[in-house]
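A short worksheet on the structure shown next.
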There are 2 protein chains.
Amino acid sequence: MSNHAHDHDCPGCSSPDLAFSRHDHAHCAQDVLARADAIAEENGVRLTPVRRRALEILLESHRAMGAYDVLQRLAADGFGNQPPVAYRALEFLVEQGLAHRIRRLNAFAACMHPGEDHAPVFLICRGCNAVAEAQAAPVRAALDAAAAAIGFSVERANVEALGLCPACKEAAA
Amino acid sequence: MSNHAHDHDCPGCSSPDLAFSRHDHAHCAQDVLARADAIAEENGVRLTPVRRRALEILLESHRAMGAYDVLQRLAADGFGNQPPVAYRALEFLVEQGLAHRIRRLNAFAACMHPGEDHAPVFLICRGCNAVAEAQAAPVRAALDAAAAAIGFSVERANVEALGLCPACKEAAA
DNA sequence: CCTTGACCTGTTATGATATAACATACATAT
DNA sequence: ATATGTATGTTATATCATAACAGGTCAAGG
Ligand SMILES: [Zn+2]
Ligand SMILES: [Zn+2]
Ligand SMILES: [Zn+2]
Ligand SMILES: [Zn+2]
């Protein structure tokens with residue numbers, strides 16, 4: 001599963017839902033970034049400075065960011081400040097499976113499971129705006145079954161759920 | 001299930017997937033429209049001329065239409081030709097469960113099962129652009145289970161799959 | 001009757017998201 | 001060194017969506 005080796009507990013590598021839990025996020029982000037480097041190498045593509053920086057920006061929190069927000073951050077770091085700069089970096093990340101596009105939010109989020117083949121299912125908290133990637137296999141299986149029943153072949157799917165995370169649910173109560 | 005009564009076979013009322021099948025679409029659309037009238041009555045809201053016309057336009061095919069396309073059609077029929085005219089009519093239809101918003105396409109499609117409580121799952125054919133609403137219950141159950149496993153409560157969900165319908169699959173082969 | 005208030009329609013204006021097209025720079029391979 | 005593919009940057013424009021306000025309709029209550 002995880003293609004990096006270190007001894008200590010690595011929540012980012014085991015738990016699918018840490019977006020909603022308190023955790024060592026610096027470690028979490030570092031870990032994903034390291035895996036991203038490895039994946040780029042493997043795939044024979046270049047994780048150039050803008051692209052890497054865009055990923056770092058997405059990794060600052062478990063939230064989705066709009067392209068223009070990412071752009072603003074990139075520009076502040078000395079990169080170009082026109083929309084294609086952000087869109088191209090984000091597009092690259094999505095193509096390489098390093099980020100996901102959340103259509104419901106017109107926004108992008110870093111993938112927390114890069115390299116693992118996964119049809120993502122997103123849980124979006126309307127309280128704190130955190131986005132988690134949930135266990136998708138059963139959902140995808142149900143979807144494939146429903147589609148197959150009428151002869152439809154699913155190639156790509158978005159599953160995006162809006163609701164409340166445990167913390168926000170408790171806060172609301 | 002179906003809240004209208006007529007004797008003959010009514011594919012629109014039984015089959016979930018007729019978007020991809022040849023069928024008597026005039027009947028199909030008429031039927032939905034009649035149910036829409038009934039639903040508006042029930043809900044104590046008004047299916048005014050613009051709103052009804054917008055629904056008719058969506059019902060012309062089993063495809064999603066962008067708000068601006070709907071607007072153009074409405075304007076041609078003598079209604080206002082500014083974006084809010086279309087967006088408001090569409091918003092009304094969505095609120096009343098008479099249409100769905102397909103986020104992946106930035107577009108809207110008539111609901112083929114108005115009045116039936118259903119969390120929709122959309123199957124979007126990339127060949128012919130038809131959009132079908134599939135059996136969603138198992139998908140939704142899987143999603144709820146995955147969410148519950150990490151304490152997340154799903155309030156609303158979009159499930160949108162892109163792929164090939166039976167006809168386009170055959171055509172491609 | 002006629003006023004009030006809710007709601008629907010329409011307009012102007014602007015905001016937010018996304019891409020096309022082209023120019024320049026950089027990498028790598030002959 | 002030159003050619004080739006790829007990456008970055010810019011200008012301009014396309015596409016999608018909403019805020020804010022003005023006028024019209026209609027039914028309920030005075
Ligand atoms: Zn984290
Ligand atoms: Zn939350
Ligand atoms: Zn039909
Ligand atoms: Zn098709």
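So you know, we letter chains A, B, ... as the sequences are listed, proteins then strands, and number each from 1. No experiment lies behind these values; they were computed from the predicted model shown.
- A salt bridge does not link A/Arg73 with A/Asp69: every distance from a Lys NZ or Arg NE/NH1/NH2 to an Asp or Glu carboxylate oxygen is 4.0 Å or more.
- The side chain to side chain contact (heavy atoms under 4.5 Å, CB included) with B/Val45 is formed by just one residue from the set B/Asn43, B/Thr48, B/Leu47; it is B/Asn43.
- A salt bridge links B/Arg35 with B/Glu116: at least one charged nitrogen is closer than 4.0 Å to a carboxylate oxygen.
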Candidate pair A/His62 and A/His23, rule side chain to side chain donor-acceptor pair (under 3.5 Å), full reasoning: CA-CA 11 Å; A/His62 290 282; A/His23 64 281; 3.0 Å; yes

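- Rounded to an integer number of Å, the gap from A/Leu47 CG to D/dT6 C1' is 15 Å.
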A/Arg103 and A/Glu160: CA distance, side-chain angles, deciding distance, salt bridge (charged side-chain N to carboxylate O under 4.0 Å, His left out) verdict: CA-CA 8 Å; A/Arg103 307 208 86 112; A/Glu160 301 172 1; over 6 Å; no

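- Along DNA chain C, read 5' to 3', the first and last nucleotides having any atom under 4.0 Å from a heavy atom of chain A are C/dT17 to C/dA27.
- Straight-line distance from the CZ atom of A/Arg51 to the C1' atom of D/dG9: 14 Å, rounded to whole Å.
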Using the 3.5 Å cut-off, write out each protein N or O paired with an N or O of nucleotides 16-25 of chain D and the distance between them.
from   : atom 1 : to       : atom 2 : distance (Å)
D/dA17 : OP1    : B/Arg101 : NH2    : 2.9
D/dA17 : OP2    : B/Tyr87  : OH     : 3.0
D/dA17 : O5'    : B/Tyr87  : OH     : 3.3
D/dA17 : N7     : B/Tyr68  : OH     : 2.7
D/dA17 : N6     : B/Tyr68  : OH     : 3.3

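- Of all the heavy atoms in A/Leu58 and A/Ala109, the pair that sits closest is CD1-C, 4.0 Å.
- Ion pairing between B/Arg88 and B/Glu91 fails under the 4.0 Å rule for side-chain N and carboxylate O.
- Between A/Asn81 and A/Phe92, the residue anchored nearer the 5' end of DNA chain D, judged by the nucleotide with its closest heavy atom, is A/Phe92.
- Aromatic rings from A/His100 and A/His118 are positioned such that their centres are separated by under 6.0 Å.
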